[in-house]
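So the structure is just underneath, and the comments pick up after that.
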Amino acid sequence: MKFALITGGSRGIGRAVCIKLAEQGYNILINYKGNTAAAEETLAAVKAKGVEGELLKFDVGNFEEVQTVLGGWIENNKEKQIEVLVNNAGIREDTMMFQMSNAQWKGVLDASLDGFFYVTKQVLTGMLIKRYGRIINMVSLSGLKGTPGQVNYSAAKAGLIGATKALAQEIAKRNVTVNAIAPGFIKTDMTDGLPEKELSAMVPMQRFGTAEEVAEAVAFFASRGASYVTGEVMNINGGLYS
Ligand code: NAP
């Protein structure tokens, strides 16, 4: 019973990843924070691919919730192995730093960085014991280049890139790989409301990417074929930055 856990799987990039990994034959654990209706839509799409799916509702940035819900699932499903973890959950709270509140700073770091730490720790021991695993972290062009108006988000994603590279070296000899994907502008709820036409003009490909295009890269890092790739950050940005 091989499972893939995708955080923030209810919508956007996470949903496309759930469906793609279901196509690859993985049973899917769909984490989300609050949008049950959207999570159920993802679940139906996953099941339509002929695999098992389950919803796991918890806030990745809340240690107690992660421990109770995810830790509880692992404890109660010892025969089921989480082989692939996609740390995808994230939010943005954009504002110039001089007017950024503590809550805006902390909220963004909680979801991307604390979430990575709490969730990965739950899953890591199982991967190390089995001597196999694939961890994929969703970062951003903002974490590489820095984006004005996104000091919190850029810090969270840059931190996650550092964590990706460090953890990759810690656990490489157990055949557990850790890689990151850095999307540019992708058409999801997160980018809804951005001036798409104006921003697309800056992109060499002249358009926003799709969640499905990001999911293709996740599927590569998740595959057995990517066995000698670890600590890597892949840009998916239509040529915007490299
Ligand atoms: P989205 O459409 O806004 O979806 C966000 C997903 O994350 C939802 O499933 C949401 O759950 C979940 N989520 C948010 N906070 C959570 C938390 N604390 N605990 C658990 N789940 C949580 O976002 P997206 O565009 O697909 O982005 C996915 C990832 O890609 C994020 O890490 C984002 O930073 C990164 N990214 C996106 C873009 C882009 O252009 N879209 C570019 C670069 C990087 P609910 O449905 O329950 O709210």
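First listed ligand is number 1; within each ligand, the first listed atom is number 1. Values below: every heavy atom of this structure, side chains too, minus hydrogens, waters and symmetry copies. Keep in mind that what you see is a predicted model, and the values were worked out from it rather than measured.
- Taking the six-membered ring for Trp and the full ring otherwise, the centers of Phe58 and Trp73 sit at least 6.0 Å from each other.
- Heavy-atom neighbours of Lys80 NZ from other residues, nucleotides or ligands within 6.0 Å: above the threshold of 12.
- To the nearest 0.5 Å, atom CG of residue Leu43 and atom OH of residue Tyr32 are 10.0 Å apart.
- Atom CD of Gln99 has more than 12 neighbouring heavy atoms from other residues, nucleotides or ligands inside a 6.0 Å radius.
- Within 4.0 Å of ligand 1, contacts by protein heavy atoms are made from Gly8, Gly9, Ser10, Arg11, Gly12, Ile13, Asn31, Tyr32, Lys33, Gly34, Asn35, Phe58, Asp59, Val60, Asn88, Ala89, Gly90, Ile91, Met138, Val139, Ser140, Tyr153, Lys157, Pro183, Gly184, Phe185, Ile186, Thr188, Asp189, Met190, Thr191.
- Around the CG atom of Asn102, the shell of radius 6.0 Å holds no more than 12 heavy atoms that belong to other residues, nucleotides or ligands.
- With Tyr26 as the partner, the side chain to side chain donor-acceptor pair (under 3.5 Å) test is satisfied by one option alone out of Glu52, Lys49, Glu83: Glu83.
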